[in-house]
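Throughout, protein chains are lettered first and strands after them, A, B, ... in sequence-line order, and every chain is numbered starting at 1.
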Number of protein chains: 2
Amino acid sequence: MPNLPTIKEIAKRLNLAASTVSRALHNHPRIGLRTRMKVQELARELQYEPNQTAIFFQQKKTFTLGIVLPELSEAFFSAAISGIEDTANKSNYMVLLGQSHDDTTREQKIVEIMKNHRVDGLLVSLAKNTVNYAHFEMLRKYNIPVVFFDRIPNMPSIHYVASNMESGTIQAVSLLLQRGHRVIGMINGPEKLTASQQRTTGYQKAMQLQRLKYDASLNVNADLTKESTRNAMQQLLAHKRKVTAIVAFNDYVSQDAVQYALEQGLEINKDLTFVSYANLPLSSYMAFPPLASVEQYPYLQGQRATEILLDLLSGKLPLDQYQQIVIDSRLVIAPGR
Amino acid sequence: MPNLPTIKEIAKRLNLAASTVSRALHNHPRIGLRTRMKVQELARELQYEPNQTAIFFQQKKTFTLGIVLPELSEAFFSAAISGIEDTANKSNYMVLLGQSHDDTTREQKIVEIMKNHRVDGLLVSLAKNTVNYAHFEMLRKYNIPVVFFDRIPNMPSIHYVASNMESGTIQAVSLLLQRGHRVIGMINGPEKLTASQQRTTGYQKAMQLQRLKYDASLNVNADLTKESTRNAMQQLLAHKRKVTAIVAFNDYVSQDAVQYALEQGLEINKDLTFVSYANLPLSSYMAFPPLASVEQYPYLQGQRATEILLDLLSGKLPLDQYQQIVIDSRLVIAPGR
DNA sequence: TAAATTTGCGCAACCGTTTGTCCAGCTATT
DNA sequence: AATAGCTGGACAAACGGTTGCGCAAATTTA
């Protein structure tokens, strides 16, 4: 392997000092035009490329952003990472990836390694059961800013970007009401999740808007597993009032619910209408896609979070001015429905 | 920001040379036990952490693997990257991500940046229309080995891991034949793709195995768009022989086809049976999942490709001994079918 | 014409860690 | 007691690039 050309190499060949070469390559005005040209020409000829690792080391900056998230196979995150990557690349940053697979221990380990790799900043979406945030707190000591997105910790002094399900839920329920549905079931997520609470609030507000009474027994908590969804469906279909529409926690849950309904001999979109969350691209591949789905803008969330992080890094935003962005969700009605 | 402790700092405090501290921390036998302990204790006390960027620079090694692939939102790739990440992490490597979004120009740019970041090696799955491989060839000069996976270039001297669709196709068609189907349609991909050719060969061989005649007019090329799939379906359903089963290029195509069939009033699994490729997790969410799907082992491909790359980097495998691994695909029958 | 300023470039330190070499003092050998 | 062999550690260079400072020559200003 023929060693790569360095600044020193160029300097030697032209009988110049390394510093002169460095400045010449950066078009420093104090270097004469004549020398500047000579240097740049030889650099081109030798196909000189600055050694980034040397620069990283010297400048104490790696132009690398660490991303820690649960699962890329979840459509939400794979969309979010595109927003992150595109934004980062525009500012010449690269993206170091780590999946926690929803395991806190792994999350801690990833953060540790990223810290050692001296990433300039971190974008994080928490593992499902992370409740201790020490591994993020310690990053302050290393001056590595963190911006959380989507799954954010329950802490005051942090930067984050998250979406609010309330607005989308209001729209979803309102749509169903407007189409004449009066008994609307909701398959909600785990009770303690903020995302579940927001859905409940949205449901309540939508009813209130039409001066209708909210019936808590129509709002069933489940845990997103197929099993649990089927139980919820059973409960809803057995309700004393006849449920004609269902708001499902997300598109996956919606599909499980549809399957159950079909097994019960119900006709989708006639006996029972579905609305859900996520607006997955795959819903267009479904035989019975939901009537509408609440969009959470994963790409946008990734983009905004990255923009904030970059502003934090460039000093455009002070580190202690906590950015907390909430993106309103919005209902997207399936084309032609 | 209180400056982080360095080896020099420790050396100064203990009146030692930096070199001694370095060796002490590495448990070098030439350093007396007494000093070793003192150093390690102070290091712990100061919470010393070696500056990786300095080490990277000095060792000319970054413990970073670059990943270049088309789209993480495709289930195949998001599964593959998990295999890559898990394997890399086991050897203390990190993963630098870049999506080409199937754009060759972008692919070139990403490779360039990764080269500048001095990744130790590269794992690549090509953009759809990349035909010129200069941006990979030039990596030889920088001594950065590349292992391709799944979408591999048409070149002799490369390392790669790819799957062969032939075996899975034979199994798929054989299954249908065994279940009594005699007129089997195939919605294939673009003609020039190796993956399409392998499917065709598999189809032919399966027929041959049963001494049946292969009818080329039942094997229709499409380009994976919904539009194109619907055209293919139209063509197949209008065939003079009555098609009772269809092998679709992948699960997405399969769903488009199912949708079309439903619109035509056909009953899935009775009038028409589907088999496809990919075995996406989402197929379990489909109202009409394919009877069976050919598994391409994305996780395994990512894992094997990474293992090879790591062996190349560690010198366990010589760089010029080209590793070309073909993973046979395998039919997975949907549970209970 | 002398003084002041500008121009063009070299010198040297520095970032943090690793590693080859050298050396002083001690121990052991004969 | 002289020599050889260890032991434990220091010194310095190196990785590649950046940057503050100094200084001579050229140019402008008074």
Enquirer: Provide, to the nearest angstrom, the distance between the NE2 atom belonging to A:His26 and the P atom belonging to D:dT19.
Expert: 7 Å
Enquirer: Can you list everything that forms a side-chain contact (heavy atoms from CB on, under 4.5 Å) with B:Tyr299? Sequence neighbours excluded, please.
Expert: B:Ser82, B:Asp86, B:Gln303
Enquirer: Please identify each residue that fulfils ring pair (Phe, Tyr, Trp, His ring centres under 6.0 Å) with B:Tyr322, with sequence neighbours left out.
Expert: B:His159
Enquirer: Who passes side-chain hydrogen bond (donor to acceptor under 3.5 Å, both in side chains) against B:Glu45, sequence neighbours left out?
Expert: none
Enquirer: Using atom CD of B:Gln52 as one end and atom C1' of C:dT18 as the other, report the distance to the nearest whole Å.
Expert: 13 Å
Enquirer: Within the 4.0 Å limit for protein heavy atoms, which parts of nucleotides 5-11 of chain C are touched? Write it as a string from 5' to 3', B for base, S for sugar-phosphate only, - for none.
Expert: --BBSBB
Enquirer: Report all side-chain donor-acceptor pairs from residues 314-321 of chain A shorter than 3.5 Å, counting only partners two or more places apart or in another chain.
Expert:
residue, atom, partner, partner atom, Å
A:Ser314, OG, A:Leu310, O, 3.3
A:Ser314, OG, A:Asp311, O, 3.2
A:Ser314, OG, A:Lys316, N, 3.3

Enquirer: D:dT18 P sits how many Å from A:Leu25 CG, rounded?
Expert: 8 Å
Enquirer: Would you tabulate the side-chain donor-acceptor contacts of residues 71-78 of chain A under 3.5 Å, counting partners in other chains and residues two or more places apart, or write 'none'?
Expert:
residue, atom, partner, partner atom, Å
A:Glu71, OE1, A:Ser73, OG, 3.2
A:Glu71, OE2, A:His101, ND1, 2.5
A:Ser78, OG, A:Ala75, O, 3.2

Enquirer: Which whole-number value in Å describes the distance from B:Lys61 NZ to C:dT18 C1'?
Expert: 16 Å
Enquirer: Any Lys/Arg nitrogen of A:Arg304 or A:Glu307 sitting under 4.0 Å from an Asp/Glu carboxylate oxygen of the other?
Expert: yes
Enquirer: Out of curiosity, B:Ile10 CD1 to B:Leu14 CG, how far, rounded to the nearest 0.5 Å?
Expert: 7.5 Å
Enquirer: Dump every N/O contact between nucleotides 14-16 of chain C and the protein below 3.5 Å, one line per pair.
Expert:
residue, atom, partner, partner atom, Å
C:dC15, O3', A:Lys60, NZ, 3.1
C:dG16, OP1, A:Lys60, NZ, 3.2

Enquirer: Provide, to the nearest angstrom, the distance between the NZ atom belonging to B:Lys38 and the P atom belonging to D:dG8.
Expert: 13 Å
Enquirer: Donor-acceptor pairs under 3.5 angstrom involving side-chain atoms of residues 111-128 of chain A: please list them, not counting sequence neighbours.
Expert:
residue, atom, partner, partner atom, Å
A:Glu112, OE2, A:Lys115, NZ, 3.1
A:Lys115, NZ, B:Glu49, OE2, 3.1
A:Asp120, OD1, A:Thr62, N, 3.0
A:Asp120, OD1, A:Thr62, OG1, 3.3
A:Asp120, OD2, A:Lys61, NZ, 3.4
A:Asp120, OD2, A:Thr62, N, 3.3
A:Asp120, OD2, A:Phe63, N, 2.7
A:Ser125, OG, A:Phe149, O, 2.9
A:Ser125, OG, A:Arg151, N, 3.3

Enquirer: List the residues meeting side-chain contact (heavy atoms from CB on, under 4.5 Å) with B:Ile55, not counting sequence neighbours, and say none if there are none.
Expert: B:Pro50, B:Gln52, B:Gln59
Enquirer: Listed by chain and number, what are the side-chain contact (heavy atoms from CB on, under 4.5 Å) partners of B:Arg36, not counting sequence neighbours?
Expert: B:Ala24, B:Asn27, B:Ile31, B:Leu33, B:Gln40
Enquirer: What pairs with B:Ala79 under side-chain contact (heavy atoms from CB on, under 4.5 Å), at least two apart in sequence or on another chain?
Expert: B:Pro298
Enquirer: What is the distance, to the nearest angstrom, from the CE atom on B:Met37 to the C1' atom on D:dG8?
Expert: 17 Å
Enquirer: Rounded to whole angstroms, how far apart are CZ on B:Arg118 and P on D:dC15?
Expert: 14 Å
Enquirer: What is the distance, to the nearest angstrom, from the CD atom on B:Gln59 to the P atom on D:dA14?
Expert: 17 Å
Enquirer: Just how large is the angle between the end axes of the helix from C:dT1-D:dA30 to C:dT30-D:dA1, five pairs per end, to 10 degrees?
Expert: 50°
